[in-house]
Participant: 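Pasting in a structure now, in structure tokens, and then I'll have a few things to ask.
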Amino acid sequence: MASPVVTRFAPSPTGYLHIGGGRTALFNWLFARGRGGRFLLRIEDTDRERSTPEATAAILRGLTWLGLDWDGAVVSQFDRRDRHAEVAHDMLARGTAYRCFSTAEEIAAFRADAEAGGASYAVFQSPWRDADPATWPDRPFAIRMKAPRSGETVIDDKVQGRVVIRNETLDDMIVLRSDGTPTYMLAVVVDDHDMGVTHVIRGDDHLNNAARQQMVYAAMDWDIPVWAHIPLIHGPDGKKLSKRHGATGVEEYQAMGYPAAGMRNYLTRLGWAQGDAEIFTSQEAMAMFSLEGIGRAPARLDFKKLENTCGRHIAMMEDAALLHELDGYLAAAGKVPLSPEQRERLLKALPGVKDRAKTYPELIDKAHFSLISRPVFPDEAAAASLDSVSRGILRELTPRLQNASWTKDGLEPILTDIAAAHGLGFGKLAAPLRAALAGRSVTPSVYDMMLVLGRDETIARLEDAAA
RNA sequence: GGCCCGUUCGUCUAUCGGUUAGGACACCAGGUUUUCAACCUGGGAAGAGGGGUUCGACUCCCCUACGGGCUGCCA
């Protein structure tokens, strides 16, 4: 039996959940869930200066909205600092790490010298690497890994392929700071090992780090996980995604009214492909997702395609689920919640409007006629079609609706009759009807509106407009 | 500076030595229509540049250009 897959998402709690981080989490989630594995969440909060509980909460909210559920409790890296220190000392005992008494000033001076000497690279070489314990001074020390100075480290990456890094370009990285706290390079490895992580799927900004981390695995004689370094997401201009590109936080997309299912679909296709598959559910994505399908080049965010994908998902959604999503959107966007009456009518209106909206605000706008109550105030364009002639036709129409069978088949002959009687095309009659029923010139089908509103409300709105 | 990664239509991508280089979004034109959208049909649109290897390169190798990352007692 193959060992079960364990993946993890390990963000730093220094801000909101970035869209790129969201995709990294999504890939880890899809990979684990598609293979009956576990998806873990670890907060990398060892940097006490920059980590905040608010940021952690924001990240959890973002993941929850995206529908990425994790297994077990959220792990705090900071809480595991004793274990990290223990491993650092274990390395010391194994002789794969050493005490380094160099101060920050000495290191800075070393680098300055190297630079002045025109060295091609300035890998710091600690004088304490092989120092006699008898010479150890009585002051705080950092623990450095004793990295090999020759040979090469090979990263066998599922996305990037075989990456070879010469060991002489890597320094003896610090694993435990002089204040006794662990560094990221040590903590990730210890945590991933202890949590049983089998596949590390993360941004390719960590590709070089993987070489140094692999040395820690080797130093501790631990199994190396499968690496998969995915390219970062760029803005539409191809530059690294930043604030000036607009929304970079996952929660901003929620507030803009993009459905989570559409976001998942779009983000999955951003940098990953399986043949011609474009629109799919998360269940389908889990079944298809593979590390081999991930591209090697950074992808750009394309809002048009995002919108198209979201529109397809809105159209696919069940009405009841859609209504529930709408409630969530209104709350997230800080808008007034729907009243019971509005919910009831909107639910009936959804089938007629959901295939014409790409986002929730657009959907609500299309369903405007179902959310308003009398009196309906026509906008300028709608008012223009309510001239005296049109109002006369409306007056003529209402009595005939009293006894009509309230179905499209029952209503259609009546409306086409009236139009014909006045020598008008149906389009000419539809305009004042839209104005009367919705107060707008652009609306869903007039039949759909009449059926959603019902006989009494329809007639009342027509009489209001005809008066 | 050094090291590492990347480069197919405007965008996301397929192709895993032999294809008229395919699909999707976007765009343009036409159709349908009850406004808008949707939908249908058609169209334009790509292998960064230069060297190799090979009977044959988008595909393999090298160089250049461009983009990105790493180079911290940050993560």
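A, B, ... follow the sequence lines: proteins, then strands. Residue 1 opens every chain.
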Participant: Rounded to whole Å, how long is the line connecting atom CD of A:Glu152 with atom P of B:G2?
Facilitator: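 Whole-Å distance recorded here is 20 Å.
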Participant: Charged N to carboxylate O under 4.0 angstrom, A:Asp194 versus A:Arg42?
Facilitator: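 A salt bridge is absent here (no side-chain N lies under 4.0 Å from a carboxylate O).
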Participant: Using atom types as modelled, flag every donor-acceptor pair under 3.5 Å from a side chain in residues 413-434 of chain A to any protein atom, sequence neighbours excluded.
Facilitator:
unit_1, atom_1, unit_2, atom_2, d
A:Thr416, OG1, A:Glu412, O, 2.8
A:Thr416, OG1, A:Pro413, O, 3.1
A:Asp417, OD2, A:Arg400, NH2, 3.3
A:His422, NE2, A:Glu396, OE1, 3.0
A:His422, NE2, A:Glu396, OE2, 3.2
A:Arg434, NH1, A:Thr443, OG1, 3.0
A:Arg434, NH1, A:Pro444, O, 3.3

Participant: For B:C9, which nucleotide in any strand shown is its Watson-Crick or wobble partner with both distances under 3.5 Å?
Facilitator: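 Pair assignment: B:C9 / none.
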Participant: Could you check whether any side-chain N or O of A:Thr96 sits under 3.5 Å from a backbone N or O of A:Leu92, counting only pairs where one atom can act as donor and the other as acceptor?
Facilitator: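 The answer is no, because no donor-acceptor pair under 3.5 Å joins these two groups.
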Participant: Is there side-chain contact between A:Trp406 and A:Thr458, with heavy atoms separated by less than 4.5 Å?
Facilitator: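 Of all side-chain heavy-atom pairs linking A:Thr458 with A:Trp406, at least one is under 4.5 Å.
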Participant: Calculate the interatomic distance between A:Leu306 atom CG and B:G10 atom P; express it in whole Å.
Facilitator: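 After rounding, the reported distance stands at 21 Å.
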Participant: Would you call the rings of A:Phe289 and A:Phe27 parallel, tilted or perpendicular, where under 30° means parallel and over 60° means perpendicular?
Facilitator: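 Geometry flag for A:Phe27 against A:Phe289: tilted rings.
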Participant: Do any of residues 266-275 of chain A sit with a heavy atom less than 4.0 Å from RNA chain B, and if so which?
Facilitator: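 Contacting residues: A:Arg269, A:Leu270, A:Gly271, A:Ala273.
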Participant: Measuring only the P atom in each nucleotide, how far is B:G67 from B:U11? A whole number of Å is fine.
Facilitator: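 Comparing P positions in B:G67 and B:U11 gives a spacing of 15 Å.
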Participant: At under 4.0 Å between heavy atoms, how does the protein contact nucleotides 26-48 of chain B? Give one character per nucleotide, 5' to 3', with B, S or -.
Facilitator: S-------BBBBS----------
Participant: Looking at A:His193 versus A:Tyr217, is the centre-to-centre ring distance below 6.0 Å?
Facilitator: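 Ring centroids of A:His193 and A:Tyr217 are no less than 6.0 Å from each other.
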Participant: Can you check the distance between B:G50 and B:C55, where both ends of the measurement are the P atom (answer in whole Å)?
Facilitator: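 Between the two P atoms, the distance is 23 Å.
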Participant: Looking across every strand, which nucleic acid part, if any, lies under 4.0 Å from A:Val188 by heavy atom: base, sugar-phosphate, or nothing?
Facilitator: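 Nothing: the residue A:Val188, judged by heavy atoms under 4.0 Å, touches no strand.
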Participant: Using the rule ring pair (Phe, Tyr, Trp, His ring centres under 6.0 Å), only one of A:Phe141, A:Tyr98, A:Trp136, A:Phe101 pairs with A:Trp128; which is it?
Facilitator: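 Answer to the ring pair (Phe, Tyr, Trp, His ring centres under 6.0 Å) test with A:Trp128 among A:Phe141, A:Tyr98, A:Trp136, A:Phe101: A:Phe101.
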Participant: Take the protein atom CG of A:Asp276 and the nucleotide atom P of B:A24, then report the distance between them rounded to whole Å.
Facilitator: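 Roughly 8 Å, once rounded to whole Å.
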Participant: Given atom CH2 of A:Trp227 and atom P of B:C5, what is their separation to the nearest angstrom?
Facilitator: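 From A:Trp227 CH2 to B:C5 P: 16 Å.
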Participant: Write down the distance between CZ (A:Arg23) and P (B:C12), rounded to a whole number of angstrom.
Facilitator: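 Those two atoms, CZ and P, are 11 Å apart.
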Participant: Using ring pair (Phe, Tyr, Trp, His ring centres under 6.0 Å), reason through A:His206 and A:Tyr184 one step at a time and then give a plain yes or no.
Facilitator: CA-CA 12 Å; A:His206 288 287; A:Tyr184 161 78; 5.7 Å; yes
Participant: For B:C70, give the paired nucleotide (Watson-Crick: N1-N3 plus N6-O4 or O6-N4; G-U: N1-O2 and O6-N3; both under 3.5 Å), or none.
Facilitator: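 Result: B:G2.
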Participant: Between A:Thr181 and A:Val163, which residue's closest nucleotide on RNA chain B lies nearer the 5′ terminus?
Facilitator: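 Final value for this comparison: A:Val163.
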Participant: A:Arg162 CZ to B:C5 P: how many Å, rounded?
Facilitator: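 After rounding, the reported distance stands at 11 Å.
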Participant: If you look only at pairs with a residue in residues 10-20 of chain A, which of them pass as a salt bridge (charged side-chain N to carboxylate O under 4.0 Å, His left out), with sequence neighbours excluded?
Facilitator: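 Sorted pair list comes back empty.
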Participant: So, do A:Phe78 and A:His84 have ring centers that fall under 6.0 Å from each other?
Facilitator: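 When the ring centroids of A:Phe78 and A:His84 are compared, they turn out to be at least 6.0 Å apart.
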Participant: Between A:Asp409 and A:Thr407, do the side chains contain an N or O donor and an N or O acceptor separated by less than 3.5 Å?
Facilitator: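 Looking only at side-chain atoms, A:Thr407 and A:Asp409 do not form any donor-acceptor pair under 3.5 Å.
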Participant: Ignoring hydrogens and angles, answer whether the base of B:G6 and the side-chain atoms of A:Gln160 contain a donor-acceptor pair closer than 3.5 Å.
Facilitator: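 It does not, because no donor-acceptor pair links the side chain of A:Gln160 to the base of B:G6 below 3.5 Å.
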Participant: I'd like to know if A:Thr183 reaches the base of B:C73 with its side chain such that a donor and an acceptor end up less than 3.5 angstrom apart.
Facilitator: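 Answer is no: no donor-acceptor pair is held.
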Participant: Is A:Thr46 touching bases, backbone alone, or none of the nucleic acid, heavy atoms closer than 4.0 Å?
Facilitator: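 Sugar-phosphate, no base atom in range.
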Participant: Rounding to the closest angstrom, what is the interatomic distance between B:C62 and B:A46 at atom P?
Facilitator: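 Pairwise P distance, B:C62 against B:A46, rounds to 28 Å.
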Participant: If only side-chain N and O atoms of A:Arg111 are considered, is one of them under 4.0 Å from the OP1 or OP2 phosphate oxygen of B:G72?
Facilitator: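 Yes, within the criterion.
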Participant: Can you tell me how far P in B:C16 sits from the matching atom in B:G10, rounded to whole Å?
Facilitator: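 One P to the other, the span is 23 Å.
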Participant: How long is the line joining CD1 of A:Ile165 and P of B:C5, in whole Å?
Facilitator: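 Answer to the nearest Å: 7 Å.
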Participant: Work out how far the P atom of B:G68 is from that of B:C12, and round it to whole angstrom.
Facilitator: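 To the nearest whole Å, 15 Å.
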Participant: If you look at every strand shown and take non-hydrogen atoms under 4.0 Å, does A:Thr416 touch a base, only sugar-phosphate, or nothing?
Facilitator: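 It contacts nothing in the nucleic acid.
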Participant: So what's B:U34 paired with, Watson-Crick or G-U wobble, going by both distances under 3.5 Å?
Facilitator: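 Check on B:U34: unpaired, no WC or wobble geometry under 3.5 Å.
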Participant: Between A:Asp365 and A:His368, do the side chains contain a donor N or O and an acceptor N or O under 3.5 Å apart?
Facilitator: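 No.
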Participant: Name the nucleic acid region contacted by A:Arg440, choosing base, sugar-phosphate or nothing; use a 4.0 angstrom heavy-atom cut-off, strictly under.
Facilitator: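 Nothing: the residue A:Arg440, judged by heavy atoms under 4.0 Å, touches no strand.
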Participant: Rounding to the closest angstrom, what is the interatomic distance between B:U59 and B:U8 at atom C1'?
Facilitator: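 So the two C1' atoms sit 11 Å from each other.
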Participant: Is the backbone of A:Trp272 close enough, under 3.5 Å, to the side chain of A:Arg269 for a donor and an acceptor to pair up by distance?
Facilitator: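 Yes, A:Arg269 side chain to A:Trp272 backbone: donor-acceptor pair under 3.5 Å.
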Participant: How far does the P atom of B:C28 sit from the matching atom of B:C36, given to the nearest Å?
Facilitator: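 Approximately 15 Å lies between the P atom of B:C28 and that of B:C36.
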Participant: What side-chain donor-acceptor pairs closer than 3.5 Å can you find for residues 378-387 of chain A, not counting sequence neighbours?
Facilitator:
unit_1, atom_1, unit_2, atom_2, d
A:Asp379, OD1, A:Ala381, N, 3.2
A:Asp379, OD1, A:Ala382, N, 2.8
A:Ser385, OG, A:Ala382, O, 2.8
A:Asp387, OD1, A:Val389, N, 3.3
A:Asp387, OD1, A:Ser390, N, 2.8
A:Asp387, OD1, A:Ser390, OG, 2.7

Participant: For A:Asp171 and B:G2, give me the distance from atom CG to atom C1', rounded to whole Å.
Facilitator: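 A:Asp171 atom CG is separated from B:G2 atom C1' by 13 Å.
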Participant: Any N/O pairs under 3.5 Å between the protein and nucleotides 61-70 of chain B? List them or say none.
Facilitator:
unit_1, atom_1, unit_2, atom_2, d
B:G69, OP1, A:Lys240, NZ, 3.4
B:G69, O2', A:Asp205, O, 3.4
B:G69, N2, A:Asn208, ND2, 3.1

Participant: P atom, B:C60 versus B:G23: distance in rounded Å?
Facilitator: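 Between the two P atoms, the distance is 24 Å.
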